[in-house]
Amino acid sequence: MNSLFFRLIRSSLANRPYRNIATVFVFALIAATLFSTQFLMKGAEQSLDAGISRMGADILVVPEESSMAGQSIILTGQPTSFFFDNSGFESISRIPGVAKASSQVYIATLFASCCAAPVQMIAIDAKNDFTITPWLQENPGVKLGKDDIIIGSNVIQNVGKDLMFFGHNFHVVGILDRTGTGVDNSVFTRIEDAHVMAEESGTRAVRKLTIPYGMVSAVLVKVEPGSSPQVVAADIEEHVQGTKTILREGLLHAVHGQLVATLQLLYGSFLAVAIVSIPLLGTISAMVANERKEEVSIFRALGATRGFVVFLMLAETCALAIIGSIIGITTAAGVLVIYQDYITHSLNIPFVIPSGVAILADGTGALVLALGIAGIATLYPAYLTMRAEPYEVIRGGES
Amino acid sequence: MIQATGLTKVYKTGKSEVRAVDGADLDVNPREFILILGRSGSGKSTLLGMLAGLIRPSSGTVRFKGRDIGSLPDPAISELRAREIGFVFQFSGLIPTVTVLDNVLLPTLFIPARPEARSYALDLLERMDLADRAGAYPRTLSSGEMKRVAIARALINGPSLLIADEPTGDLDAYTEYEIMDLFRQLNNEGMTIVMVTHNPDLEQYATRIFGMDRGRLVERSHVEHAGQGVMETGLLRYRMP
């Protein structure tokens, strides 16, 4: 393409600054709303994947009455304590398709020096655990011994320092990577240390903690390769009375449920902006096309094909769409990154900044959509411009 | 070079009809300088528009080098205009947002790119005595300068036919002389020119003169003295192969 073509576009755009600023703003709005919607969805999904992967389980088995609390532990880390009889553990381990099972005890702590609010303590069965053990294997040299804790990324303390819960001192031996889920607000210790902490709490803490022996909060299940988590989960609920299973899909569904109002608002805004923008951009393009009828006719008289004129008009609108989309996408990304904690908290969803590839894909998607709208908005004005007899336009109707 | 047969253009406004051009026949040979004289509203510009394929005739045909331009698809007729026909409008028709040089280069956008186009455009501007205005914008030029830029633009792709619609209509007498002298030089070098004007003083430049009145075209005289290639300005050296 001749550089003169680009100079024509640049000079034409520079010649109508106010109208072009309005057009750029509309495209920025379109791209920002679509990008934000995708960004939030992907951020929540990737966060959930990271959280579930951190827990290492395909199925989380909790007391029937505590299924919502069980979800909250993974999704948002809302501290909670609940128990059920660990006798079901043996039954769960024997269900076909269950590869591994591991009990956990969930304890909502009191206020601690590390944190602005109580945190979730997760006490693991070190012998059968597959939540923290893989992390320990990836971090040789770190051991979860007596009175040791591994903390989530939101719990403020350094490795080697102590944290006190219920008057019991724990030694921080590791910090988990951020997942954006409730895991970030949790601390992991061994079940036996949690029991010692509970026994001591009567004299050392402001409130006594009770962890009944033989009771656990949840059983995490890893299914055998080739087995369906859904089928195994249904078997567990059927064979172990009083339990409820939580699967990744169920968590995703819960997240979507929490996001639905926000997504509806964002999709609604996007649709409204898209619907309003097409005629609006069309009108702006039509005004520009009308002003440029003579210029276009001169192009035609000098040898421009209809295709060239349409291409020129499309290129001008697409240039505005690209500028607007880049502004919209970068602004939306900036706001979402800067206010991610506020968004996570106010929407009550797990959230991490999506991967670079996902951001690029979302940005490209928003850009392509903006270009599509630019194309649609340009076609009719271009058609109107083409319909006139070029030489009559140049002559202004004289014969 | 170009033959128009029975060219008619009828405009309908409500129930009334206006025959802007009424059965015009015109046969233009290479190296001719055709002048079409007529008052405003006589239909001469509409005739020019139809000759260049820019206005669809109501009836009649235009053949350019044997090709019926009415039957050509848009890309073919556009290419013909870009390569074969140079246009000079009554008003300069320059694009105000780009420089003089870019205005001259504009028609090169519509044919395959040629690396030498820029140097030829600068050369043309130099011959038009506008070399120092190449980077200027049209609004800073005088009427005569604008017209010379428009002529340079019309010549950039090396056309075989120059169509000029009242090119001196808005110029003072001295500038009119300058522009017409330029046309004469082009014609002397072999350029075929079809020009319309309402000014009978310009008859002296033409090889054939037509009159146009209420849409009807009538040949008035045939002059043998012009178009003999006696001067060499180099303006037409850029002929397309």
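Residue numbers begin at 1 in each chain, while the letters A, B, ... track the order of the sequences.
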In Å, rounded to the nearest 0.5 Å, how long is the span from OG of A/S3 to CG of B/D102?
7.5 Å

Tell me, for B/R153 versus chain A, whether the close heavy atoms (under 4.5 Å) come from the side chain, the backbone, both or neither.
side chain

Heavy atoms from other residues, nucleotides or ligands near CZ of B/R118 exceed 12 (cutoff 6.0 Å)
no

Pick from B/V18, B/V98, B/L105, B/L106: which one has the most heavy-atom pairs with chain A under 4.5 Å?
B/L106

Student check: side-chain heavy atoms of B/T97 and A/R7 closer than 4.5 Å:
no

A/R19, CZ atom: more than 12 neighbouring heavy atoms under 6.0 Å:
yes

Within-4.5 Å side-chain heavy-atom neighbours: A/F299 and B/L109
no

Could you tell me the separation between the CD1 atom of A/I298 and the CG atom of B/L94, rounded to the nearest 0.5 Å?
8.0 Å

Side-chain heavy-atom pair A/T305, B/I77 within 4.5 angstrom cut-off:
no

From B/F110 atom CZ to A/L302 atom CG, the distance as rounded to the nearest 0.5 Å:
6.0 Å

Minimum-distance pair of heavy atoms, taken over all atoms of A/A304 and B/S78
O-OG, 3.4 Å

Closest-packed option against chain A by number of heavy-atom pairs under 4.5 Å, given B/E79, B/M50, B/R56
B/R56

May I ask you to check whether over 12 heavy atoms, not counting those of A/D177, lie within 6.0 Å of atom CG?
no

Sub-3.5 Å donor-acceptor pair from the side chain of B/R81 to the main-chain atoms of A/R300, do we have one?
yes

Which bit of B/I95 is near chain A, if near means a heavy-atom gap under 4.5 Å: side chain, backbone, both or neither?
side chain

From B/Y137 OH over to A/S11 OG, what is the distance, rounded to the nearest 0.5 angstrom?
7.0 Å

